[in-house]
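One structure below.
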Amino acid sequence: MRQGTNPPRHPQKSSKVRTRTLEKFVVEEVELRGTPELDQPRPRRRFLPRFQLPFGTVLGWLGLWLALTLATLAGREAWPFDETRELAIAWEMWSSGHWRVPTLNGEPIGRAPLFSWLILAAWKFSAVDDLMIVRAIAPAFSLGSLVLLVMIARKLWPDSPTVASHVPYLALGAIFVALIAPLLRPEMVGLFFTLLAVWSMLVMWRSRDARAWLLFGPALGLGVLTQGGLVLIAVLPVALLAPLWARGPVRPVWKHWYLDVVKGLLLAMVLVSVWLVPATAMAGPLFLVRVMTDGFALQTLEFFPARWPWWGYLWLLPVAFLPWSVLPLLWLRLLHVGRAEFNAGAAFCLVWSASTVLLLSLLPVKQPSFLLAPLMALTLLVTWLSFEPRLDGRGDHHPLAGMTLPLVLAGGLLVIVPKLPRSDYLPALLWDVSPLLGVAVMIIGIALAWMPVHDVRRRILNTAVFVIMLMTIGILAAGSQLGPLQNVDTIARAIAERQAADQPVAHVGPYRGEYHYAGRLTKPLLILDARDADQWYTQHPNGAVVAASDVWQPADAGQIKPPLDAGFRDRATRLWSPVR
């Protein structure tokens with residue numbers, strides 16, 4: 001041994017100390033960061049996702065989305081009352097120069113403003129008369145929602161890339177999603193921010209990235225600025241119920257998880273307050289009350305009733321999720337899923353859909369458009385059931401796995417329903433169709449039984465493509481047939497001419513803003529009840545009254561001819577003026 005070196009007096013004791021120190025460090029790291037999955041890269045290396053999807057698969061669903069979008073943009077105009085109402089709100093903000101408070105017919109409404117701001121921004125880049133860019137807003141956000149679904153599926157099932165690459169097909173293949181996606185309404189914008197908040201929440205779970213709540217908060221805030229509290233109902237419950245679905249080797253440290261959720265919620269509230277506080281100061285305290293109470297009622301669809309019993313979603317959800325809700329193959333696979341296959345992704349989808357539907361059922365206003373977030377959760381679950389490799393062969397070759405049984409049952413109902421008493425909860429169209437249509441549907445279902453397709457991927461994709469092509473043809477047909485019957489331009493121009501001449505104009509019955517954008521009206525219409533219309537009509541000889549033929553007509557309607565008579569759908573809309 002060399003001089004000047006002092007060997008350790010207790011080498012074994014020193015080694016034990018170092019070992020205990022290393023063990024303590026490892027235990028602390030595991031407790032703080034969790035145990036990373038063996039097949040995943042080390043967390044917090046990449047915040048944005050890296051896409052590695054089959055080019056042909058992406059091109060396929062992108063082409064289907066493009067067909068649906070082009071059919072909407074080129075095949076029809078903006079339809080009353082849903083789309084013209086959005087244009088009316090944006091036009092009043094544009095013409096008045098006040099972008100803070102949304103108004104309809106001059107009255108402030110408790111409506112989140114972001115969708116109207118997007119319309120105004122489009123007009124800034126193009127022109128007020130150009131509706132092509134404005135009507136492309138919702139389809140553009142629907143495309144973004146499809147991309148986010150792919151990203152969410154990759155987070156839920158990182159070992160099953162086929163699920164992520166095919167989820168857009170099933171999302172577009174749901175009849176209601178294909179129906180509402182191209183509409184000039186805020187649903188697709190709200191869905192985009194909802195999915196963005198959900199994806200950032202999954203980043204908080206999978207990657208343990210501390211930056212995720214910085215995206216979670218703004219996504220939540222922008223969603224509230226688009227659809228109000230509906231976005232909170234779709235996101236917060238599944239975040240709070242994370243212990244029910246956050247399974248596997250990567251588990252959050254719950255005190256950090258809920259702290260991040262609260263920080264994101266506070267950031268969202270700050271973002272919303274930037275608009276809400278000045279808007280309330282401008283419109284008065286009553287505006288804040290309207291925002292809290294009228295937000296859901298203002299999002300109702302014109303072709304669907306707003307009031308439903310508490311159990312309304314029990315049948316609205318399966319109907320909105322057609323055809324996937326009646327495909328026997330998916331139910332057969334769900335029945336054969338065991339504990340080994342039931343993973344965190346499937347649990348997340350079930351908790352997300354169930355919690356959202358339960359809270360929505362407590363609201364007095366019920367709409368199928370409120371179900372978009374639960375529909376996306378079910379779409380992810382159905383895609384996993386269809387394309388998860390570990391579920392191959394479970395129910396694929398069953399004789400009832402195809403659409404034969406659902407089509408036969410649907411055809412039988414179409415034959416029987418016209419002979420039953422009418423119900424207020426079902427469309428009146430069911431009692432007007434011929435029973436021969438039901439017979440034809442049954443024949444199609446029986447024919448499918450003779451052409452079995454046992455390849456699951458081909459069966460699912462064929463169904464999705466069939467639905468999208470059917471909706472595309474339906475949009476083109478409806479645009480050519482119903483477009484002329486829903487034209488409000490003639491009445492709108494007549495109202496604008498009389499307002500330009502300082503003549504008072506009244507509207508009998510509910511007004512949903514259908515004339516404001518078409519006529520570029522800058523003054524509100526006086527809304528009258530049918531009982532008060534006669535008195536106003538006689539007291540204002542220089543004025544004009546707009547009314548549908550089945551709502552109101554003057555007492556001398558049989559002896560005079562109205563200055564303007566325009567058809568609207570299955571009735572006539574007339575403009576009456578005492579001075580002719």
Below 4.5 Å, heavy atoms only, C-beta onward: do [X] and [Y] meet side chain to side chain?
| X | Y | value |
| --- | --- | --- |
| Tyr511 | Leu104 | no |
| Val505 | Leu521 | no |
| Gln553 | Trp576 | yes |
| His507 | Tyr515 | yes |
| Leu222 | Val189 | no |
| Trp275 | Trp117 | yes |
| Leu525 | Val546 | no |
| Leu371 | Phe176 | no |

Provide the closest heavy-atom pair for [X] versus [Y] in the form atom of the first, atom of the second, distance.
| X | Y | value |
| --- | --- | --- |
| His540 | Pro504 | CD2-CG, 4.3 Å |
| Ala181 | Met188 | O-CG, 3.5 Å |
| Leu184 | Val134 | CD1-O, 3.5 Å |
| Trp352 | Thr356 | O-OG1, 2.8 Å |
| Pro186 | Thr226 | O-CG2, 3.7 Å |
| Pro318 | Ser325 | O-OG, 2.7 Å |

- Message: List the residues meeting side-chain contact (heavy atoms from CB on, under 4.5 Å) with Leu526, not counting sequence neighbours, and say none if there are none.
- Response: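 Partners of Leu526 by the side-chain contact (heavy atoms from CB on, under 4.5 Å) criterion, ordered by chain and then number, come out as Ala506, Leu528, Trp536.
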Rounded distance [0.5 Å steps], [atom1] in [X] versus [atom2] in [Y]:
| X | Y | atom1 | atom2 | value |
| --- | --- | --- | --- | --- |
| Glu83 | Tyr517 | CD | OH | 12.0 Å |
| Leu148 | Leu191 | CG | CG | 8.5 Å |
| Leu196 | Leu220 | CG | CG | 10.0 Å |
| Thr69 | Leu143 | OG1 | CG | 8.0 Å |
| Ile133 | Leu118 | CD1 | CG | 13.0 Å |
| Leu146 | Thr379 | CG | OG1 | 10.0 Å |

- Can you name the residues that form a side-chain hydrogen bond (donor to acceptor under 3.5 Å, both in side chains) with Gln499, not counting sequence neighbours?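 With sequence neighbours excluded, Gln499 shows a side-chain hydrogen bond (donor to acceptor under 3.5 Å, both in side chains) to no residue whatsoever.
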- Item | Counterpart residues, side-chain hydrogen bond (donor to acceptor under 3.5 Å, both in side chains), relative to Trp552 (two or more places apart) |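 side-chain hydrogen bond (donor to acceptor under 3.5 Å, both in side chains) check on Trp552 returns Asp534.
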Would you say that more than 12 heavy atoms from the other residues, nucleotides or ligands in this model lie under 6.0 Å from the [atom1] of [X], or not?
| X | atom1 | result |
| --- | --- | --- |
| Met469 | CE | yes |
| Gln539 | CD | yes |
| Glu77 | CD | no |

- All pairs passing side chain to side chain donor-acceptor pair (under 3.5 Å) where residues 129-147 contributes a residue, at least two apart: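 For residues 129-147, and leaving out neighbouring residues, the side chain to side chain donor-acceptor pair (under 3.5 Å) pairs sorted by first residue read Trp65-Ser142, Asp129-Arg520.
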- Query: By salt bridge (Lys or Arg N to Asp or Glu O under 4.0 Å), which residues pair with Glu514, not counting sequence neighbours?
  - Reply: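 Partners of Glu514 under the salt bridge (Lys or Arg N to Asp or Glu O under 4.0 Å) test: none.
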Would you say the side-chain atoms of [X] pair up with the backbone N or O of [Y], donor to acceptor, closer than 3.5 Å?
| X | Y | result |
| --- | --- | --- |
| Tyr313 | Gln367 | yes |
| Lys366 | Leu360 | no |
| His516 | Ala518 | no |
| Ser369 | Ile180 | no |
| Tyr169 | Trp61 | yes |

- Item | Audit row: Leu271, Val224, side-chain contact (heavy atoms from CB on, under 4.5 Å) steps and yes/no | CA-CA 9 Å; Leu271 185 61; Val224 173; over 6 Å; no
- Query: So Trp94 and Trp123, would you call those rings parallel, tilted or perpendicular, with 30° and 60° as cut-offs?
  - Reply: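 Perpendicular: the ring planes of Trp94 and Trp123 meet at over 60°.
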- Item | Qualifying residue for side-chain hydrogen bond (donor to acceptor under 3.5 Å, both in side chains) with Thr103, from His98, Glu92, Arg111 |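 When His98, Glu92, Arg111 are each tested with Thr103, the side-chain hydrogen bond (donor to acceptor under 3.5 Å, both in side chains) holds only for Glu92.
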- Message: Quick one, Trp79 with Leu183, criterion side-chain contact (heavy atoms from CB on, under 4.5 Å). Give me CA distance, side-chain angles, the key distance, then yes/no.
- Response: CA-CA 9 Å; Trp79 281 350; Leu183 289 181; 5.6 Å; no
- Item | Any pair counted as salt bridge (charged side-chain N to carboxylate O under 4.0 Å, His left out), so long as it reaches residues 487-501, sequence neighbours left out |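 Salt bridge (charged side-chain N to carboxylate O under 4.0 Å, His left out) check on residues 487-501 returns no pairs.
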- Message: Determine whether Ile109 and Val101 satisfy the following criterion, side-chain contact (heavy atoms from CB on, under 4.5 Å), listing intermediate values before the conclusion.
- Response: CA-CA 8 Å; Ile109 56 176; Val101 181; over 6 Å; no
- Task: Apply the test side-chain contact (heavy atoms from CB on, under 4.5 Å) to residues Leu170 and Trp324: give CA-CA distance (whole Å), side-chain angles for both, the deciding distance (0.1 Å), then the verdict.
- Result: CA-CA 8 Å; Leu170 283 87; Trp324 311 122; 4.1 Å; yes
- Item | Residue among Leu114, Val198, Val235 satisfying side chain to side chain contact (heavy atoms under 4.5 Å, CB included) with Phe193 |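 Checked Leu114, Val198, Val235 against Phe193; only one passes side chain to side chain contact (heavy atoms under 4.5 Å, CB included): Leu114.
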- Item | Carboxylate-amine/guanidinium proximity below 4.0 Å for Glu86 and Arg512 |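 Salt bridge between Glu86 and Arg512, a charged N being under 4.0 Å from a carboxylate O: no.
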